[in-house]
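Shown next, in C-alpha cells, is the structure this report addresses.
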There are 2 protein chains.
Amino acid sequence: MRVQGRHLRAVDWDARKQAVVWIDQNALPFRFVLRHTRDPEEVARAIETMSVRGAPTIGAAAALGLALVWQHMPAQWEKWKQRFLRTRPTAVNLFHAVAWMDAGFQAREDPVARAMAWLEREVAAHKAIGEHAAALLARAGNRILTHCNAGWLAAVDWGTALAGIYRLHAEGEQVHVWVNETRPRGQGARLTVWELAQEGIAHTLQVDAAAAALMRAGEVDAVIVGADRIARNGDVANKIGTYMLAVLAQAHGIPFYVAAPTSTMDDNCPHGEAIPIEMRAKEELCMVEGVDEEGIVQRVRISQAEHVRNPAFDVTPCALIDAIITEQGIWRPSSSCSR
Amino acid sequence: MRVQGRHLRAVDWDARKQAVVWIDQNALPFRFVLRHTRDPEEVARAIETMSVRGAPTIGAAAALGLALVWQHMPAQWEKWKQRFLRTRPTAVNLFHAVAWMDAGFQAREDPVARAMAWLEREVAAHKAIGEHAAALLARAGNRILTHCNAGWLAAVDWGTALAGIYRLHAEGEQVHVWVNETRPRGQGARLTVWELAQEGIAHTLQVDAAAAALMRAGEVDAVIVGADRIARNGDVANKIGTYMLAVLAQAHGIPFYVAAPTSTMDDNCPHGEAIPIEMRAKEELCMVEGVDEEGIVQRVRISQAEHVRNPAFDVTPCALIDAIITEQGIWRPSSSCSR
C-alpha cells in the first residue's frame, strides 16, 4: 500500500543492500522509519519488540531473517530456526514460515527466492481475502468496526481485516471505519488510523469499551478483525478484546467476521483452548509512549499498579464467528463448529 | 477513608481556613495534593476539569462551592446556581445538591451547616450502601470486577461500588478486585488502584477489553459499578464501558450490580434515553498524562487521529442490572423494569 503516495510493504527484501528492510511499527505514527539489517538477530529482536508485528508480517520477517542465516551462516541453521520459533508464541504463521524456509533449505533452493516466494504467496492471499471480504461487507453495510491493526502493516501488503475495506474503497464505495484504539499498545490509535489516513478512508477513533454503546446505538453494520491463530474447529486467537467484540456483536445482531490467510490456520490445534496465549509484561500497560509538544518521543508511567494481568490475545469460540474469510473463500464456522 | 493512615474525605470544609478543601484527583496517583479555595469559581472549575469527580463528590463540591457564594456574594445567588448547574451535564447528584442548597438559602439557614448536612447525608448513605453491598457480594464470591473509580474519591467517603468491598475487608474477608483501567482518563489505573493500595486490598489491573476473556475463564464472581444517573425505570448512566460490562456479565451468567445513593436517582427521567450523555474533547483520548523517569508529570500525544468519538458515559438498560444498591436497600430492576 501507499506511504505518501509511494508503494511499500511492511517487511521486504532490499535487493540493492542485500538486506531485510521493514517499517518500524514502534516508531509510527510519529516517525516513519525504515530499518535495514543483514543480521538475523536484529530481525528476531524486531519481532520480539513488535517493531514488526501482525501474524502474517511476523511470518514474512522470519522467512527473510532465515534467508540471511542461510546466506551467511548455514551451519547454524538449526539453532537459528529455534531462535525464530521462540520470538512470539501465538502467531502460527511464524511456524509455517519457518517450516517453509526449512523445506527450501533442505532442498538447496535459493534463500532469497524461497523467502520472497513466501511473501508473494501471502500478499496474493491478502488480495484474494480483500475480494471475498468486500463482497460480504458490501452486503452488511458501510459502517465497519475493527480492532487492533489487521491492515497492511500487519500483513506485508493489503491487510487481512482491512483488505476488504481497501478493496471497497478502490471500487469507489463510501466506507466509514470505527477504529478501536486497542489498549495496551494502541495499534488501532497508532497504526490503523495512520494506514486509513494514508489511503484517504473515513474513520473515527474510540476507546475499546465504547464499542458496546456504539453497537446499541445502531451505528455498526459489521465487525471485522484479523487472527493470530485459527484452530481446526474455527476458534480464533486474536488481539485481546476480540472476544469482547464477538460477544457484543452477537448480543446486538451484528455480523462478526475474521479475515486471515490460510497460513494462520493450525491444523494441529483442535480448538481454542489448546492455543498458547502470550502474557506480556505489566510495563506494557503501565507505561505509555507518545510525543511531547516538541515532537520528541517520551515514555510516561500512567499507573503505579503492582499487579497487572496483560494477556496479548484472547480466544473467540467458533460459535460467535459468522464468517472466516481466507484466500480460498468464506468459511462459516458458527454453522458447523463443535466443542 | 485513609491516606497514609490519615482519615480524609474527597472534598470537605476546612473550618480553620474557612475554605473548601479537596484532593486534586488529576494529580493522583503521582502527587497527593490538597487544594483549598474561598473562590466558588475555582470550585466550579475543579468540577469541570475533573479535579473533583464522581457523581456524589461533584454534588458535595457544588454544595460547598455554593456555601462560599452564600457567605461572600449572596446577591449573586441565582447566577452562581446556574454556573454550578452547567459544570457537568450527566451527574444528577449535582442538581440535587444545588436544589438542597437553594432550599436552605431561601430558608436563611447557615450556609456551611447546610452544605455539611448534605455531605453527612451522602456519607451515611455510602456507609449503608456498603453494608447492603457486602451482603450481596459475600454471597456472589470474592473475585469482584469494577470499572472506573466508584470509591471514596468519587463519593466523599466510603465509596459507592467500592463501599461493599471496603466493608468486607473491614470484616476480615479476603477480597480480590479486578480493576479495569477505564480509558480514556484511566480512573481505574490511577485512582482505584491507589485507593485499594492505601487500604491494603488485593487487586489486579487490566485493560478494559480484557474483561470479557477474564469472565470466560471463570475468574469473575460479580461486577459492581457506580452510577452517574439512574432513571425512574432503573436504566443507569455510568462511565463509558459500563454497558459493555453489563452485556458481558449477562452472557457469562455473572451478577451485575450498581451501587449509588438515592441522590443519583432522577425521578424526572423516565428511562435511559432521556439522560444527556456528555461528549468530551478528542484530546482526552489522544493525549495521555503520566510521569517520566524523574517523576515529572508529562502529557504526551498517543494518536494523531483527526476524528474521535469520546462519550464520557453510556447507558445500561435496567434489564441487564441484577441489583441497584442504595442506602435504602436493594432494588432489582431487571425483574420489574419496562421499556
Side-chain angles (χ1 to χ4, degrees), chain A residues 29-30 147 178-184 186 189-190 193-194 197 202-214 216 240-248 250-252 282 285-293 297-311 314-315 317, chain B residues 29-30 147 178-184 186 189-190 193-194 197 202-214 216 240-248 250-252 282 285-293 297-311 314-315 317:
Chain A
F30 307 110
H147 191 68
W178 294 107
V179 181
N180 271 7
E181 64 168 345
T182 319
R183 284 279 296 153
R190 294 173 67 115
V193 162
W194 181 83
H203 58 279
T204 303
L205 180 67
Q206 65 177 359
V207 297
D208 305 326
L214 190 73
R216 185 159 184 256
I240 188 74
T242 300
Y243 171 62
M244 165 194 81
L245 290 175
V247 173
L248 295 173
Q250 186 175 66
H252 294 88
K282 73 175 181 179
L285 198 155
C286 295
M287 303 291 292
V288 167
E289 194 185 85
V291 288
D292 65 16
E293 282 185 357
V297 174
Q298 304 271 6
R299 271 167 65 81
V300 296
R301 173 170 297 281
I302 58 166
S303 178
Q304 295 173 320
E306 286 198 25
H307 301 284
V308 175
R309 186 174 176 277
N310 184 24
D314 60 25
V315 172
Chain B
F30 306 110
H147 192 67
W178 294 107
V179 181
N180 271 8
E181 64 168 346
T182 319
R183 284 281 295 155
R190 293 173 68 114
V193 161
W194 181 83
H203 58 279
T204 303
L205 180 67
Q206 66 178 357
V207 298
D208 306 325
L214 190 74
R216 184 157 184 257
I240 187 75
T242 301
Y243 171 62
M244 163 193 83
L245 289 175
V247 174
L248 295 173
Q250 186 176 66
H252 295 87
K282 73 174 182 179
L285 197 155
C286 294
M287 303 291 292
V288 167
E289 192 185 86
V291 289
D292 65 17
E293 281 186 356
V297 175
Q298 305 271 6
R299 270 166 67 81
V300 296
R301 173 171 299 280
I302 58 167
S303 178
Q304 295 174 320
E306 286 198 27
H307 300 284
V308 175
R309 187 174 176 276
N310 184 23
D314 59 25
V315 171

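Just so it is clear: chains get the letters A, B, ... in the order the sequence lines come, proteins before strands, and each one is counted from 1.
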What residue in A/Val315, A/Asp292, A/Val308, A/Thr242 has the most heavy-atom pairs under 4.5 Å with chain B?
-> A/Val308
So do B/Asp208 and A/Asp208 actually touch side chain to side chain, heavy atoms under 4.5 Å?
-> no
Determine the option with the most heavy-atom pairs under 4.5 angstrom with chain A, choosing from B/Arg190, B/His147, B/Glu181, B/His203.
-> B/Glu181
Measure the CZ-CD distance between B/Arg183 and A/Gln206 for me, rounded to the nearest 0.5 Å.
-> 12.0 Å
Passing candidate, side chain to side chain contact (heavy atoms under 4.5 Å, CB included) with A/Val300, options B/Arg299, B/Glu289, B/Gln298 = B/Gln298
Give, as side chain, backbone, both or neither, the part of B/Val179 having an atom under 4.5 angstrom from any heavy atom of chain A.
-> neither
Non-hydrogen atoms of chain A under 4.5 Å away: do they reach the side chain of B/Ala197, the backbone, both or neither?
-> neither
Quick one: of A/Asn310, A/Asp314, A/Ile240, who has the most non-hydrogen atom pairs under 4.5 Å with chain B?
-> A/Ile240
Decide yes or no for A/Ile302 and B/Val288: does some side-chain heavy atom of the first lie under 4.5 Å from some side-chain heavy atom of the second?
-> yes
From the list B/Thr204, B/Val193, B/Leu205, side chain to side chain contact (heavy atoms under 4.5 Å, CB included) with A/His307 holds only for B/Thr204
Of the listed B/Gln304, B/Lys282, B/Glu306, the one with the largest count of heavy-atom pairs under 4.5 Å with chain A is B/Gln304
Nearest atoms (heavy-atom pairs only) where A/His252 meets B/Val247 | CE1-CG2, 4.4 Å
B/Arg301 versus A/Phe30, closest heavy-atom pair with distance | O-CZ, 3.0 Å
In this structure, CG of B/Leu214 is separated from OH of A/Tyr243 (nearest 0.5 Å) by 11.0 Å
Between A/Ala251, A/Gly241, A/Ala202, which has the largest tally of heavy atom pairs under 4.5 Å with chain B?
-> A/Gly241
Contact summary for A/Ala189 and B/Ser303, nearest pair of heavy atoms | O-OG, 2.8 Å
